[in-house]
Colleague: 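Before we start, here is the structure in question, set down as structure tokens.
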Amino acid sequence: MVTIDNSVPIEITIDDLRLQSPRKDKLAQIFRELEFKSLVDKFSEHAELSKKDYRLILKLEELRSLIKTIRKKGMVCLDTETTSKDYLMAELVGISFCVEPGIAYYLPLGHIYNGVNPQIDIGDALGLLKDILCDDRVEKIGQNIKYDAEVLARYGIHLKGMTFDTMVASYVIDPTLRQHNLDYLAQHYLSYKMLSYEEVTGHNKDKGLGAVDMDKAKEYSCEDAEITLLLKSILEEKLKTTDNYTLFQDLEMRLIPVIMDMEMTGIRIDVDFFKAMSEAFADELSSIEGRIIDLAGEEFNINSPQQLGYILFEKLKLPWKKKTRKKTGYSTDVEVLTELAVQHEVPNLLLRFRTISKLKSTYLDALVNMVNPLTGRIHTSYNQTVTATGRLSSSNPNLQNIPIRTEEGREIRKGFIADEGHLLLSADYSQIELRVFAHYSEDPVLLQAFESGEDIHTRTGAEVFDLDPRMVTPEMRRMAKMINFGIIYGMGPIKLAKELGIPKKVAQAYLDNYYERYKGVKDLKEEILSRVRQNGYVTTLLKRRRYLPNINSDNGNLRAEAERAAINTPIQGTAADLIKMAMINIAERLRRENLSTKMLLQVHDELVFEVPQEELNSATRLIKDEMEGVYPLNIPLKVDINWGNNWGEAH
DNA sequence: AGACTCACG
DNA sequence: ACGTACGTGAGTCTC
């Protein structure tokens with residue numbers, strides 16, 4: 001039942017709406033959320049927010065007194081206001097502080113408008129604040145505190161004692177919550193609607209908070225700090241009830257400064273190399289384009305899937321294989337084009353065009369534009385609160401999807417270079433997900449294969465095709481590799497048949513063979529599924545949770561999706577737990593042993609370092625030991641290390 | 001803003 | 001009848 005306003009309740013059952021299954025499930029979910037929300041609205045209390053004793057700090061004396069209060073409390077919730085969301089460009093506009101609900105302080109530092117009150121000089125203010133900000137005995141609480149710490153670091157303030165990030169806490173409690181931003185969390189956990197940025201800045205939106213009257217900015221900023229503090233106590237309790245406090249405190253919070261250093265260090269690229277490669281690609285693209293348009297007999301935009309569909313399937317009358325996902329047109333993806341390439345030259349040229357065009361625009365041109373003028377390096381952002389499984393993600397630019405699978409793509413990695421006197425070192429976990437899988441399954445054949453250092457795909461080939469490992473051909477190994485990954489992802493016989501180009505029945509036989517030989521795998525899958533059906537969530541090695549509300553859905557498709565995610569998440573998520581732990585330990589040891597080696601990148605199962613040449617031996621040993629020994633499992637973890645002058649050579 | 005395509009683990 | 005393997009981010013086109 002859904003009630004709108006306080007008027008007559010309208011009773012609608014979902015079945016009245018005659019919707020298709022997937023939509024029906026989605027709607028059911030929205031209905032559940034609405035009902036839940038109205039309950040929260042009814043019962044939640046937020047009396048403390050009505051006090052709103054927010055004070056401006058304009059005099060040195062006031063700041064000194066605030067600092068005393070903070071030191072006495074040993075804790076402060078803070079929020080910086082800046083001119084940009086990008087920490088590399090952001091300039092400080094002000095900082096708000098809150099040590100107890102109801103009272104907060106706003107320290108304006110960069111407000112510029114006609115008739116502005118005199119503010120404390122930013123150098124003087126930071127000089128005084130350093131005492132508490134750089135002291136880890138004073139706990140710092142914040143929402144996405146990595147950002148504040150990065151901005152402050154650019155002002156020479158190295159924030160210490162970051163113990164509670166509400167965004168990260170929310171993510172640990174439920175990684176698939178819609179959003180983890182402050183507005184959403186305030187609404188979700190406190191039923192409180194925050195002042196919006198637009199409301200505060202009004203028509204000055206583009207000029208930023210610095211152009212806003214500081215009394216108004218105070219209301220906005222202090223509210224952020226206060227709400228964050230209120231959220232902290234709620235989230236702290238939740239972390240304990242979900243048995244996730246250790247994961248939060250000892251892993252995710254300790255990872256923040258590590259990630260921060262990686263982002264701020266950045267990685268050097270060879271701009272001239274990228275520019276030259278881009279020009280070569282531009283030439284090739286225009287030549288391919290000319291030939292395609294010649295063969296098509298008319299001008300059209302090759303980058304438009306719509307126009308391309310018309311040319312291929314209506315003008316040239318090539319047989320179309322499938323429609324696009326939303327059925328808005330013909331699919332022209334790589335799978336379709338590869339099939340068509342045997343009977344016509346245009347699809348063949350298109351494949352080449354697509355590859356080159358992708359590499360040029362997404363990597364070569366984009367990366368050159370993202371070199372920071374001050375550092376001369378590329379600085380990515382690692383997001384710690386995005387993925388459903390516990391992995392990091394990388395953006396602006398994404399450095400976790402730099403090409404490697406094709407020859408031209410691999411070339412791009414040569415443009416990521418080490419600084420003078422340094423080498424790039426790459427350390428990657430070998431087969432980490434399969435090893436984690438072996439660990440959980442305790443399957444004797446899998447355990448033995450990893451214990452003895454056998455090639456795991458060859459071993460699987462030997463099992464599935466019932467041969468001596470020495471008789472497994474490269475083709476068989478390729479198929480076995482596909483099966484191994486397919487198992488982790490929950491692939492069915494239809495997809496396997498398609499991928500391997502074999503009849504469905506044969507694919508089914510391979511899978512049957514697999515489960516027959518690896519008994520532990522079948523048991524593990526069943527155990528995971530029975531647990532998730534009961535609990536509604538799956539967990540990783542470090543107790544990270546992922547809820548799967550569709551696991552008992554009436555809709556078969558949604559249920560199957562949830563089941564595959566349930567199988568995959570403990571594997572992918574445990575691998576993520578392990579590498580995060582290793583990152584913390586490596587950073588700690590590099591510092592303790594006074595090495596200048598810098599961790600630069602994380603690519604899910606790989607870490608990239610910039611190593612002074614003379615540290616190569618000690619760094620290699622340290623990194624390998626920490627990664628392989630991060631957490632004893634039922635199988636050994638193996639790390640491959642390579643180095644060179646660039647990322648291409650380090651692979 | 002959504003759709004399509006494609007880069008990675 | 002149709003789709004059918006997990007997890008991401010970005011460039012481009014289209015509306």
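Note that the coordinates shown come from a computational prediction; the quantities given were computed from them, not determined experimentally.
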Colleague: Taking R544(A) first and then D577(A), would you say they form a salt bridge - that is, a charged N and a carboxylate O separated by under 4.0 Å?
Modeller: yes

Colleague: Taking NE2 from H651(A) and P from dC8(B), how many angstroms apart are they, rounded to a whole number?
Modeller: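 Between P of dC8(B) and NE2 of H651(A): 11 Å.
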
Colleague: Identify which nucleotide among dG9(B), dA5(C), dG11(C) has an atom closest to any side-chain atom of S361(A), counting heavy atoms from C-beta outward.
Modeller: dG11(C)

Colleague: Determine the contact category for N401(A): base if any of its heavy atoms lies under 4.0 Å from a base atom, sugar-phosphate if only primed atoms, P, OP1 or OP2 are that close, otherwise nothing.
Modeller: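 Base, at least one base atom sits under 4.0 Å.
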
Colleague: Within the 4.0 Å heavy-atom criterion, would you say R405(A) contacts the bases, only the backbone, or no part of the nucleic acid?
Modeller: base

Colleague: Between C1' on dT12(C) and CZ on R354(A), what's the gap in Å once rounded to a whole number?
Modeller: 11 Å

Colleague: Can you check whether S304(A) has a side-chain N or O nearer than 4.0 Å to OP1 or OP2 of dT14(C)?
Modeller: yes

Colleague: Using a 6.0 Å distance limit plus a 45 degree cone around the ring axis, check whether K322(A) lies over the aromatic ring of W320(A).
Modeller: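 Output no; distance or angle outside limits.
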
Colleague: Do side-chain atoms of S395(A) reach the backbone of N398(A) as a donor and acceptor pair under 3.5 angstrom?
Modeller: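 No, S395(A) side chain to N398(A) backbone: no donor-acceptor pair under 3.5 Å.
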
Colleague: Does the structure show a Watson-Crick or G-U wobble partner for dG2(B), both distances under 3.5 Å? Name it, or say none.
Modeller: dC13(C)

Colleague: What is the distance from CD of E499(A) to P of dT4(C), rounded to the nearest Å?
Modeller: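 That distance rounds to 11 Å.
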
Colleague: Mind checking whether Y514(A) and Y518(A) have ring centres under 6.0 Å apart?
Modeller: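 Distance test on ring centres: under 6.0 Å, yes.
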
Colleague: Watson-Crick or G-U wobble partner for dC8(B), using a 3.5 Å limit on both distances?
Modeller: dG7(C)

Colleague: Would you mind classifying the nucleic acid contact of I404(A) as base, sugar-phosphate or nothing, using non-hydrogen atoms under 4.0 angstrom?
Modeller: sugar-phosphate

Colleague: How far does the P atom of dG2(B) sit from the matching atom of dA5(C), given to the nearest Å?
Modeller: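 About 25 Å, rounded to a whole number of Å.
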
Colleague: Answer with yes or no after comparing the ring centroid distance for Y87(A) and Y147(A) against a 6.0 Å cut-off, counting only values under it.
Modeller: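 No.
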
Colleague: Between dT12(C), dG7(C), dT5(B), which one does the side chain of N303(A) approach most closely?
Modeller: dT12(C)

Colleague: Does A560(A) reach a base, just sugar-phosphate, or nothing at all? Heavy atoms under 4.0 Å.
Modeller: nothing

Colleague: Quick one: D605(A) CG to dC6(C) C1', roughly how many Å, whole number?
Modeller: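 The answer, rounded to whole Å, is 14 Å.
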
Colleague: Determine the interplanar angle of the F485(A) and H457(A) rings, folded into 0 to 90°, and report it as parallel if under 30°, tilted if 30 to 60°, perpendicular if over 60°.
Modeller: tilted

Colleague: For Q306(A), answer base if it contacts any base atom (sugar-phosphate contacts may also be present), sugar-phosphate if it contacts only those atoms, and nothing otherwise; contact means non-hydrogen atoms under 4.0 Å.
Modeller: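 Sugar-phosphate contact only.
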
Colleague: Counting distance alone, no hydrogens or angles: does the base of dG3(C) have a donor or acceptor under 3.5 Å from a partner atom on the side chain of N557(A)?
Modeller: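 Result: at least one qualifying N/O pair found.
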
Colleague: Considering only side-chain heavy atoms of N568(A), which listed nucleotide, dG11(C), dC6(C), dG9(B), is closest?
Modeller: dC6(C)

Colleague: What is the distance from CG of D365(A) to P of dT12(C), rounded to the nearest Å?
Modeller: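 The distance from CG of D365(A) to P of dT12(C) comes to 8 Å, rounded to the nearest Å.
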
Colleague: Please state the P separation for the pair dT5(B) and dT4(C) - nearest whole angstrom.
Modeller: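 Pairwise P distance, dT5(B) against dT4(C), rounds to 13 Å.
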
Colleague: Give a yes/no on whether any side-chain N or O of T389(A) is located under 4.0 angstrom from OP1 or OP2 of dG7(C).
Modeller: no

Colleague: Among dG9(C), dG11(C), dG9(B), which nucleotide has an atom closest to any side-chain atom of V603(A)?
Modeller: dG9(B)

Colleague: Find which nucleotide of DNA chain C each of P305(A) and R564(A) is nearest to by heavy atoms, and output the residue with the more 5' nucleotide.
Modeller: R564(A)

Colleague: Once you apply a heavy-atom cut-off of 4.0 Å, does S357(A) come out as touching a base, just sugar-phosphate, or nothing?
Modeller: nothing

Colleague: In terms of the nearest nucleotide of DNA chain C, which residue is placed more toward the 5' end: V386(A) or K323(A)?
Modeller: K323(A)

Colleague: Taking atom P in both dC6(B) and dA1(C), what distance in whole Å separates the two?
Modeller: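 That atom pair is separated by 30 Å.
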
Colleague: On the nucleotide dG9(C), are OP1 or OP2 found under 4.0 Å from the side-chain N or O atoms that S395(A) carries?
Modeller: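 False: S395(A) side-chain N/O out of range (4.0 Å or more) of dG9(C) OP1/OP2.
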
Colleague: With a 4.0 Å cutoff (strictly under), does any side-chain N or O of Q307(A) reach OP1 or OP2 of dT14(C)?
Modeller: yes

Colleague: For G486(A), answer base if it contacts any base atom (sugar-phosphate contacts may also be present), sugar-phosphate if it contacts only those atoms, and nothing otherwise; contact means non-hydrogen atoms under 4.0 Å.
Modeller: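 Result for G486(A) = base.
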
Colleague: Roughly how many Å is it from OH in Y363(A) to C1' in dT5(B), rounded to a whole number?
Modeller: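 In whole Å, dT5(B) C1' and Y363(A) OH are 12 Å from each other.
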
Colleague: May I ask you to say what I494(A) touches in the nucleic acid, namely base, sugar-phosphate or nothing, with a heavy-atom cut-off under 4.0 Å?
Modeller: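 Base contact.
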
Colleague: Can you label the angle between the F313(A) ring and the Y330(A) ring as parallel, tilted or perpendicular, going by 30° and 60°?
Modeller: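 Aromatic pair F313(A)/Y330(A) classed tilted.
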
Colleague: Specify the separation, in whole Å, of atom CG of L350(A) and atom P of dT5(B).
Modeller: 12 Å

Colleague: Using OP1 and OP2 only, check whether a side-chain N or O of K495(A) sits under 4.0 Å from dA5(C).
Modeller: yes

Colleague: From dG11(C), dA10(C), dA5(C), pick the nucleotide closest to the side chain of K358(A)?
Modeller: dA10(C)

Colleague: Distance check needed: dG9(B) C1' versus L434(A) CG, whole Å only.
Modeller: 13 Å

Colleague: Would you indicate which nucleotide in dG9(C), dC8(B), dG11(C) comes nearest to any side-chain atom of P403(A)?
Modeller: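 Closest nucleotide to the P403(A) side chain: dC8(B).
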
Colleague: Taking only N and O in the side chain of T332(A), is any of them less than 4.0 Å away from OP1 or OP2 of dT5(B)?
Modeller: yes

Colleague: Do T460(A) side-chain atoms and A480(A) backbone N/O form a donor-acceptor pair below 3.5 Å?
Modeller: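 No, T460(A) side chain to A480(A) backbone: no donor-acceptor pair under 3.5 Å.
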
